[in-house]
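Counting starts at 1 for both ligands and their atoms, following the listed order.
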Amino acid sequence: MSDKFDVIVIGAGPGGYVAAIRAAQLGLKTACVEKWVDNKGSAVLGGTCLNVGCIPSKALLETTYKYHEAKAGLNVHGISTGDVTMNVEQMVARKDKIVGNLTAGIGGLFKANGVTVLQGMGKLLAGKQVEVTAADGTATVYAADNVVLASGSVPVNIPPAPLADNLILDNAGALDITETPKRLGVIGAGVIGLEMGSVWARLGTEVTVLEAMDEFLAAADKDVAKEAAKLFKKQKLDIKLGARCTGTEIIDGKEVLVKYTDSEGEKELVVDKLIVAVGRKPQTNGLLAADSGVKLDERGFIFVDDHCRTEAPGVYAIGDSVRGPMLAHKASEEGIMVADMIAGKHGHMNYDVIPNIIYTHPELAWVGKTEQELKAEGVKYKAGKFPFAATGRAMAANDTDGFVKVLADEETDRIVGIHMVGGQASELIGQAVIAMEFCASAEDLQMTIFAHPTVSEALHEAALAVDGHAIHMANRKKR
Ligand code: FAD
Ligand code: NAD
């Protein structure tokens with residue numbers, strides 16, 4: 001038996017690395033196990049989010065939005081740019097550099113906080129022991145008073161579209177395309193499909209997205225989904241609903257024939273690259289010994305209670321490998337809650353106030369309940385909506401698409417949901433999250449001073465509109 005730790009965290013994604021840093025900050029002797037290795041055999045920290053998820057995708061989105069603005073968005077300001085060109089290899093290299101800096105930064109934070117990195121595949125044994133099998137095959141067993149499982153998720157593959165080198169790609173491969181494809185197919189009009197579809201549509205690629213469901217963005221508020229569908233159509237993202245992929249064929253090693261069915265029958269599509277983005281599933285292969293005491297639920301997620309406790313005493317699980325939305329900030333906050341609980345503190349996680357964002361342009365963002373959910377639950381609510389087109393700052397920025405919608409309980413006035421489509425919705429939603437976390441009423445927001453001129457004023461006006469008091473638009477007559 002090797003060293004004993006107060007806490008061993010398995011997985012160094014945004015759930016695991018945050019839990020490890022917090023635990024070490026609270027004075028606990030902490031180790032973090034990570035199986036991902038670079039070509040020198042060192043642990044790659046940061047998980048999906050930093051390496052092949054949130055950060056690289058946002059780097060590509062930022063670059064391509066700047067290109068799009070330079071090419072088509074500046075004329076209106078009287079700025080002519082001449083011939084704007086795009087070097088895709090440089091875009092990808094810049095993305096890789098950002099990823100490298102951030103993942104190295106986690107190593108630095110671990111060092112600064114005294115977290116021990118154990119490179120290797122972690123397996124939870126009985127009695128809170130963790131076996132770590134390094135890349136060279138050596139296995140070492142460590143004991144711990146507490147174990148945090150943060151093994152994350154992997155992409156779902158579908159039999160009709162098996163991955164094929166450089167042609168049929170999952171979300172990781174999709175981030176490394178180094179030449180603008182003429183035609184791109186995407187299976188799945190979810191978050192990855194819309195974000196990666198936007199990246200390439202901005203560079204002039206013909207993008208076709210095949211979505212199996214008949215409804216677009218079913219989890220979003222209907223107003224958001226409707227507005228987004230309209231705007232994406234204008235951006236030439238061809239989203240086909242009710243379209244099920246039935247098979248794929250590689251033609252001459254350079255094109256992909258995609259067969260699918262929709263309401264009109266069998267169809268075919270030929271593309272230069274195909275991205276499969278149909279969701280992700282928990283990663284638990286090899287993680288649990290048969291007698292670890294940890295159970296999986298019927299969907300393969302690690303079974304936990306509201307405080308991320310598994311069925312095995314002293315063993316917690318967080319992030320994408322447990323129930324709830326697969327989001328980096330959800331994973332991180334669960335990590336903090338669990339580390340706090342292990343250190344004897346209370347631990348806090350408000351599952352009702354987790355923001356969701358889709359980083360297209362405009363961005364889609366929401367927190368709390370949708371109108372459809374409130375109706376289904378029989379909650380009586382008031383709604384106020386305000387368009388960015390009526391705010392001076394959005395006009396100045398020539399970024400007027402979208403709106404903010406505030407939903408408040410009709411009886412108590414407490415805000416129960418905020419939904420938005422807008423150029424800066426990813427930042428603006430933070431104000432909505434703070435308001436909801438502090439249990440604000442619509443009146444609280446109405447009485448708050450918002451700086452002028454800012455796009456945030458749309459949130460203020462939407463809160464005022466809840467009671468028919470928006471200043472800068474004609475209010476709908478209330479019943
Ligand atoms: P992960 O980040 O998956 O990390 C798990 C880690 O555990 C990995 O490093 C893995 O190698 C390691 N591991 C697994 N099993 C073992 C084992 N047995 N032993 C040792 N190590 C192990 N979320 C957002 O909030 N915002 C975004 O903008 C966003 N964009 C995304 C874009 C893409 C393309 C993708 C794919 C995802 C995106 N996500 C985004 C989702 C986000 O990446 C995940 O929710 C987040 O990474 C989950 O964190 P985690 O720590 O639970 O798991
Ligand atoms: P997703 O769940 O967002 O979307 C998958 C889509 O594919 C759904 O609309 C689904 O109906 C569709 N689909 C499923 N099977 C299909 C099939 N056979 N044919 C056609 N369509 C099919 O999943 P994703 O886009 O792969 O993203 C995975 C996870 O990563 C998400 O859960 C998300 O939380 C996370 N993520 C978050 C962000 C962000 O926060 N901005 C960005 C990217 C990914």
Side-chain angles (χ1 to χ4, degrees), residues 9-19 32-37 43-58 60-61 103 118-124 130-133 148-161 170-172 174-175 186-197 209-219 239-246 260 275-288 317-322 324-332 334-335 354-360 363-365 426:
V9 180
I10 301 183
Y17 84 72
V18 169
C32 186
V33 187
E34 175 55 59
K35 69 181 165 84
W36 201 330
V37 280
V44 172
L45 308 175
T48 304
C49 172
L50 268 61
N51 291 284
V52 291
C54 325
I55 298 298
S57 59
K58 265 81 255 177
L60 300 185
L61 281 157
T103 52
L118 302 173
Q119 190 288 311
M121 173 76 191
K123 182 181 206 171
L124 178 70
V130 175
E131 180 189 77
V132 179
T133 307
V148 181
L149 306 172
S151 56
S153 62
V154 288
V156 168
N157 295 318
I158 48 171
D170 63 8
N171 59 256
L175 296 163
V186 183
I187 304 185
V191 199
I192 295 178
L194 294 173
E195 291 185 353
M196 295 316 294
V209 186
L210 304 179
E211 166 59 48
M213 305 247 292
D214 292 327
E215 193 182 346
F216 178 56
L217 283 179
I239 301 169
K240 298 189 185 300
L241 299 177
R244 284 193 169 275
C245 175
T246 52
Y260 66 97
I275 298 173
V276 182
V278 294
R280 295 176 62 86
K281 59 181 182 187
Q283 175 170 223
T284 54
N285 274 354
L287 177 69
L288 304 169
I318 59 174
D320 279 12
S321 61
V322 304
M326 289 182 159
L327 296 171
H329 41 277
K330 177 260 192 187
S332 297
E334 287 183 331
I354 299 175
N356 272 280
I357 300 160
I358 303 182
Y359 295 80
T360 47
E363 296 170 331
L364 320 180
S426 62

With atoms numbered from 1 as shown, which atoms in ligand 2 lie under 4.0 angstrom from a non-hydrogen atom of [X]?
X      : value
Ile187 : 19 (N), 20 (C)
Ile357 : 39 (C), 40 (O), 41 (N)
Tyr359 : 41 (N)
Met213 : 11 (O)
Arg280 : 28 (C), 29 (C), 30 (O)

**OP:** Taking only heavy atoms of the protein into account, state which residues are under 4.0 angstrom from an atom of ligand 1, in chain and number order.
**Re:**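 The answer is Ile10, Gly11, Ala12, Gly13, Pro14, Gly15, Gly16, Val33, Glu34, Lys35, Trp36, Gly47, Thr48, Cys49, Val52, Gly53, Cys54, Ser57, Lys58, Gly120, Met121, Gly122, Ala150, Ser151, Gly152, Ser153, Asn171, Ile192, Arg280, Gln283, Leu287, Gly319, Asp320, Met326, Leu327, Ala328, His329, Ala331, Tyr359, counting any residue whose heavy atom sits under 4.0 Å from ligand 1.
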**OP:** For Asp320 and Ser151, indicate whether the former's side chain and the latter's backbone hold a donor-acceptor pair under 3.5 Å.
**Re:**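 Not confirmed, Asp320 side chain does not pair with Ser151 backbone.
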**OP:** Kindly say whether Ala12 contributes a backbone atom to a donor-acceptor pair with the side chain of Glu34 at under 3.5 angstrom?
**Re:**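 Yes, Glu34 side chain to Ala12 backbone: donor-acceptor pair under 3.5 Å.
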**OP:** Would you give the length of the straight line joining atom CG of Leu175 to atom CD1 of Ile55, rounded to the nearest 0.5 angstrom?
**Re:**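 Spacing of CG (Leu175) from CD1 (Ile55) equals 11.5 Å.
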**OP:** With rounding to the nearest 0.5 Å, note down the distance linking OG1 in Thr133 to CD in Gln119.
**Re:**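 Going from the OG1 atom of Thr133 to the CD atom of Gln119 covers 10.0 Å.
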Check: [Y] and [X] side chains under 4.5 Å, non-hydrogen atoms:
X      : Y      : answer
Val276 : Asp170 : no
Glu195 : Ile358 : yes
Met196 : Leu60  : yes
Ile239 : Leu194 : yes
Trp36  : Thr103 : no
Val154 : Asn285 : no

Give yes or no for whether the N/O distance cutoff of 3.5 Å, strictly under, is met between [X] and ligand 2.
X      : answer
Met326 : yes
Glu195 : yes
Glu211 : yes

Original post:
Run the side-chain contact (heavy atoms from CB on, under 4.5 Å) check on Val322 and Lys330 step by step: do they pass?
Top reply: CA-CA 11 Å; Val322 304; Lys330 177 260 192 187; 3.5 Å; yes
Closest candidate by heavy atom, reference [atom], pool [options]:
atom                    : options                        : result
atom 43 (C) of ligand 2 : Ile358, Val186, Ile192         : Ile192
atom 31 (C) of ligand 2 : Leu364, Val191, Asp320, Leu194 : Val191
atom 5 (C) of ligand 2  : Ala277, Gly188, Gly193, Pro159 : Ala277
atom 17 (C) of ligand 2 : Val156, Thr246, Val278, Leu61  : Val278

**OP:** May I ask you to identify, for Leu210, whether its side chain, its backbone, both or neither come under 4.0 Å of ligand 2 on a heavy-atom basis?
**Re:**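 Contact part for Leu210 vs ligand 2: backbone (N, CA, C, O).
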**OP:** Record the part of Leu327 in heavy-atom contact with ligand 2 below 4.0 Å; permitted values are side chain, backbone, both and neither.
**Re:**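 It is the side chain that gets close, since no backbone atom is under 4.0 Å.
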Could you check [atom] against the protein and tell me its nearest heavy-atom contact, residue, atom and distance included?
atom                    : result
atom 18 (N) of ligand 2 : Ile158 CD1, 3.9 Å
atom 1 (P) of ligand 2  : Gly190 CA, 4.1 Å
atom 26 (O) of ligand 2 : Gly279 N, 2.8 Å
atom 21 (N) of ligand 2 : Ala212 N, 3.1 Å

Shortest non-hydrogen contact between [X] and [Y], atoms and distance:
X      : Y      : answer
Leu217 : Ala189 : CD2-O, 4.1 Å
Asp214 : Gly242 : OD1-CA, 3.3 Å
Ile318 : Gly16  : CD1-N, 4.1 Å

**OP:** Answer yes or no: are there more than 12 heavy-atom neighbours, outside Lys281 itself, under 6.0 Å from its atom NZ?
**Re:**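 No, because the 6.0 Å sphere around NZ of Lys281 holds 12 heavy atoms or fewer from other groups.
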